[in-house]
Amino acid sequence: MNKLRARIILSIGVLVVLFSLALLHRTHLIMASHVDELLQRKLELALEFELAVRQYIYEEIQPRMFELLSADDFIPEIMSSSYVARRVVERVQSGMPDIVVKFSAQNPRNPVNRASSKELETIAWFNEHPERDYWYGTISLDGREYAALFNAMRMTENCLRCHGDPADAPKKLIERYGADASFHLPLGRVVGMDTLLAPLDISKGIIAKDTLSHFSVLFIGIVCLFAGIVLVLRFSVTDHRIAQQALQTSEAKYRLIVENAPIGIFHYDEKGVITACNRYFADIIGVSVEDLIGFDTYRQQKNPDILKAMTESLAGRPSRFEGEYTSILSGKPTFANVVFVPFVGADGNIKGGIGVVEDIRERIDAEKELRISRENLRNLSRHLLSAREEEQMRIAREIHDELGQILSAVKMEFSWLKNRISKEQVQEQAKAGAVLELLDGGIDSVRRMISELRPALLTDLGLAPAMQWQAEKFAERSGISCAVDIAPGRMDIDDERATVIFRIFSEAVNNAVKHSGASEIQVRLARRDGGNIELTVIDNGVGITGEQVMRNDAYGIMGMKERVESYGGDLEISGTPGQGTVLVARIPAG
């Protein structure tokens, strides 16, 4: 075992050395390519800077100076693009000592721009290749290698004034440089050339330094990896033994959890045969654990929903069964919620599944009792609302029959007395008129109370006319536009539901008037598919918030919900800040 381990370590060591050498070579190539790209870009930026200066002189400064000066005047320090560009670059180049930037010509006016032998060769090459104006590569000057960039400047028609015939050139230019330098150049001929040089020995030093730095980091990583492999081989046996112990401990914990879980758990193989289960599952079924082991679900189970759920899990899709179930083995009935989950092996294939069973009989019974309780509460609420409406109807009838008739009789009698008072008794006539006005107000108040307790229109003519009348009264009292739209079609519903809809309509419009600050209210009553009566109230006010809808003291909203739910309907209230509130009430027509 030790000899085998030593051979493996030695082989890995050789591979590490070979890989390190290859990595060093590759790192050097990558760094060299990267530095060369950066160097070329640096030269191109320097060239772009010089060309930009020259172009600015040529396009902006020269034309304006020619306008200001006479045709014979010429100031090289301002008007010569090559002169100005070279002086600017000389200043900028002080901050870039590794870069050489110059303008080279075969017969320059300024001796500083005279081309070297290598530059003359390059100018000749550009003249031989008129399609090329750019060259980048490596050259050797005075025993030193440079990365070189050459950019040719060719003769164009715009250059003829200063580089064509000396007779056409400004006299000041001739006086300063003579008639021999940089004249008589044909169109397309290279006037001069931008030369940019960067020494390679500096970049090579950067490459070597960066290569060593990057390789050092990578090499340290390789060494650490090698050390880790050695440690893994060294302690693999111990780790394997520890892993086995941990696995055994984990399995023991798993068995402890499964056996004491408050839910039923069982395992089944890919053929649907139960291979393991806990005691809780056996208790739900009403048999022992031993009776369940080996139970062939596909052969013995009769419930099609359970078979379908298990089949889906073995196909890789978790599935579920919930409902009443009678045990095949014991005949015990129960309500169960079973989740079937596929079990995938290490090779990725489905090896069976796990079932998780919950006995939900108590929950089903509780839900049934809750439904009965809610139905009883709904019936009680409906009865109370109906009783309240009947009581309000009785009170309205008594007020009408007793108080209303009394006030009408008093008004008739007092009108008779007023007519007996002579017109000369002005004070008595005024008092009698005031009393009659008070009686009229009292009669109107009685009528309003009767209407609010039970609108006569609702009983005599039906829901739609009552809503139209109520909307007009709201508009008169509040000054807010209230439009009611009754959808065409059958709207015949019983008195109780009509009363509920009318009360919700009244409460919703009252809330809009009191709280929303709306200037317009729209009401729509329609009968929807399925027979539901739908009431919609929309205002353009501030818009109700969710917190206001859910407030404990929102008694009006709670009353509307109570009325709707007592008849099996629903109420929705939503608001948009600054845009208004929408109330929708739906009640089955019965």
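Residue numbers run from 1 in the order of the sequence given. We use all heavy atoms of the structure for the numbers below, so side chains are in, but hydrogens, waters and symmetry mates are not.
A donor-acceptor contact shorter than 3.5 Å links the side chain of Asn278 to the backbone of Ile263. Checking side-chain atoms of Asn510 against main-chain N and O of Ser506 turns up a donor-acceptor pair under 3.5 Å. Panel note: side chain Thr545, backbone Gln548; a donor-acceptor pair is recorded below 3.5 Å. A distance-only check finds a donor-acceptor pair linking the side chain of Ser566 to the backbone of Arg563 [under 3.5 Å]. Without hydrogens or angle criteria, Lys308 side chain to Ser319 main chain gives no donor-acceptor distance under 3.5 Å.
Taking the side chain as every heavy atom from C-beta outward, Val344 and Lys351 never approach each other to under 4.5 Å. Between Phe266 and Ile354, every side-chain heavy-atom pair lies at or beyond the 4.5 Å cut-off. Looking at heavy atoms from C-beta onward, Val273 lies out of side-chain contact with Phe295 at the 4.5 angstrom threshold. The side-chain heavy atoms of Arg279 and Val289, taken from C-beta on, include a pair separated by under 4.5 Å. The shortest distance between side-chain heavy atoms of Tyr298 and Leu307 falls below 4.5 Å. Between Val582 and Ile573 there is no side-chain heavy-atom pair separated by less than 4.5 Å. Residues Phe343 and His267 form no side-chain contact, since every pair of their non-hydrogen atoms from C-beta on lies 4.5 Å or further apart.
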Could you walk me through whether Arg527 and Asn532 satisfy the side-chain hydrogen bond (donor to acceptor under 3.5 Å, both in side chains) test, starting with their C-alpha distance in whole Å, then the side-chain angles of each, then the deciding distance to 0.1 Å, before giving a yes or no?
CA-CA 6 Å; Arg527 188 162 190 157; Asn532 286 344; over 6 Å; no
Step-by-step side-chain hydrogen bond (donor to acceptor under 3.5 Å, both in side chains) determination, Glu472 to Gln470
CA-CA 5 Å; Glu472 293 175 0; Gln470 186 78 333; over 6 Å; no
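At a threshold of 4.0 Å, the pair Arg586-Glu572 counts as salt-bridged, since one of the basic side-chain nitrogens sits closer than that to a carboxylate oxygen.
Summarising the geometry, atom CG belonging to Leu571 is positioned 8.0 Å from atom CD1 belonging to Ile557; distances are rounded to the nearest 0.5 Å. Taking OH from Tyr280 and CD from Glu358, the interatomic distance works out to 8.0 Å, rounded to the nearest 0.5 Å. Residue Leu525 holds its CG atom at 9.0 Å from CG of Asp485, rounded to the nearest 0.5 Å.
Seen from the ring of Phe474, Arg477 counts as a face-on cation partner, given the 6.0 Å and 45° thresholds.
If you check the side chains of Asn540 and Ser519, you find a donor sitting under 3.5 Å from an acceptor. Of the N and O atoms on the side chains of Asp359 and Thr334, at least one donor lies less than 3.5 Å from an acceptor on the other residue.
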